[in-house]
Protein chains: 2
Amino acid sequence: MYRNQVNYALIEDASKRRVSYNKRLKGILKKSDEPKTLCDVEVATVIYGPYRNEPYTFPNNDVVQNTFIKSKELPTLERSKNKVTREEFTMQRIKKLEEQLQKVRKENRVKEMTNEMYEVFNRKIVLADMNPSDFNDLYVV
Amino acid sequence: MYRNQVNYALIEDASKRRVSYNKRLKGILKKSDEPKTLCDVEVATVIYGPYRNEPYTFPNNDVVQNTFIKSKELPTLERSKNKVTREEFTMQRIKKLEEQLQKVRKENRVKEMTNEMYEVFNRKIVLADMNPSDFNDLYVV
DNA sequence: CGACCTATGTATAACCC
DNA sequence: TGGGTTATACATAGGTC
């Protein structure tokens with residue numbers, strides 16, 4: 001998503017997709033490992049995709065198993081709460097994206113105005129510096 | 001871990017530790033969400049630490065849970081089409097926003113470069129138009 | 001693949017409000 | 001607490017070997 005602009009969409013090239021997956025997974029596992037040391041918070045991860053037969057877990061199965069089973073046993077109300085949380089997360093992401101978009105668009109307008117000012121400014125300089133004889137060199141294009 | 005070198009160790013200040021946790025969790029969830037779109041790989045996360053009563057999961061993904069636990073009695077089979085449709089809709093919205101953001105940022109950079117070019121250009125004009133006698137008016141500031 | 005490189009976008013610690 | 005800003009380190013796409 002960096003060197004060149006990359007769509008936030010499925011990477012079409014299967015080879016590149018896999019490379020990206022490998023790199024990103026490494027990054028995610030590293031990031032997910034850090035809170036344990038820094039913040040006294042454990043983060044376990046389950047990965048499930050076409051590159052493995054089964055979902056697999058980090059840092060170990062037990063923790064994740066327990067948690068998932070626990071989650072399974074939660075009464076319906078609790079589960080729907082979880083879903084709400086997930087949706088809230090998504091909605092916040094959307095909100096944030098829209099804010100960023102607005103902000104960048106604003107900056108964009110400012111820069112556009114600056115450019116236009118420069119253009120007008122330069123045109124004026126040119127006109128001010130010219131005298132009628134300069135037009136002798138002009139041809140109709 | 002950035003502004004200053006930070007120890008890769010428990011953050012002593014409880015307040016800072018929590019702030020760090022909040023920020024990092026947000027980052028981890030975002031990173032973990034991306035492979036789904038980019039690489040067709042699902043990443044689920046389990047977090048458990050002192051800031052919540054129980055471990056909780058993101059994105060609480062039914063498919064992953066189902067496959068992982070391999071239990072037939074998961075009540076999540078009643079996933080309504082409605083919900084899937086809505087999630088897809090939401091994801092498309094996010095995708096679109098991401099694309100727009102990238103596009104506008106790109107335009108932004110172009111305009112910035114244009115501005116800089118103008119600045120350099122104007123400076124050169126000024127210098128080219130000057131002759132040594134002009135420096136007589138300069139004072140040391 | 002994986003290891004390494006570079007350029008660039010991203011995450012985040014410290015800060016402020 | 002939670003939000004925004006800034007400076008800096010990190011993550012990663014693309015490339016090469």
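Heavy atoms only: backbone and side chains are in, while hydrogens, waters and symmetry mates are out. Residue numbering restarts at 1 for every chain, and letters A, B, ... go by the order of the sequence lines.
Nearest-nucleotide positions on DNA chain C place A/Lys26 closer to the 5' end than the other of A/Lys26 and B/Val19.
Remark: C1' of D/dA11 and CG of A/Asp33 are 16 Å apart, rounded to the nearest angstrom. If you measure from atom CG of B/Leu29 to atom C1' of C/dT10, you get 16 Å, rounded to the nearest angstrom. Between the C1' atom of D/dT12 and the NZ atom of A/Lys31 lies a distance of 12 Å, rounded to the nearest Å. Distance A/Lys16 NZ to C/dC1 P: 15 Å, rounded to the nearest Å. Atom NZ in B/Lys30 sits about 6 Å away from atom P in C/dT10, given to the nearest Å. Remark: P of D/dA11 and CG of A/Asn22 are 16 Å apart, rounded to the nearest angstrom. Rounding to whole angstrom units, CG of residue B/Leu38 and P of C/dT10 are separated by 12 Å. Atom CZ of A/Arg93 is separated from atom C1' of C/dA11 by 14 Å (rounded to the nearest Å).
Residues passing the side-chain hydrogen bond (donor to acceptor under 3.5 Å, both in side chains) test with B/Tyr21, sequence neighbours excluded: none.
When heavy atoms are screened at a 4.0 angstrom cut-off, A/Arg17 is found touching no nucleic acid atom at all.
Taking the side chain as every heavy atom from C-beta outward, B/Leu10 and A/Thr37 never approach each other to under 4.5 Å. Contact of the B/Leu25 side chain with the B/Ile47 side chain is registered, since non-hydrogen atoms from C-beta on lie closer than 4.5 Å. Inter-residue side-chain proximity for A/Asp33 and A/Val43 is flagged as unmet; no heavy-atom pair is nearer than 4.5 Å. Contact of the A/Pro50 side chain with the B/Asp40 side chain is registered, since non-hydrogen atoms from C-beta on lie closer than 4.5 Å.
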- Task: Please report the C-alpha distance between A/Tyr51 and B/Val41 in whole Å, then the side-chain angles of each, then the deciding distance to 0.1 Å, and finally whether the side chain to side chain contact (heavy atoms under 4.5 Å, CB included) criterion is met.
- Result: CA-CA 8 Å; A/Tyr51 305 122; B/Val41 170; 3.9 Å; yes
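Judged by distance alone, with hydrogens and angles left aside, the side-chain atoms of B/Arg17 form a donor-acceptor pair with the main-chain N or O of B/Ile11 at under 3.5 Å.
Direction of the helix axis in the helix from C/dG2-D/dC17 to C/dC17-D/dG2 shifts by 30° between the two five-pair termini, rounded to 10°.
Within the 4.0 Å cut-off from OP1 or OP2 of D/dA13, at least one side-chain nitrogen or oxygen of A/Arg24 is found.
For A/Lys23 against D/dA11, a side-chain-to-base donor-acceptor contact under 3.5 Å is absent.
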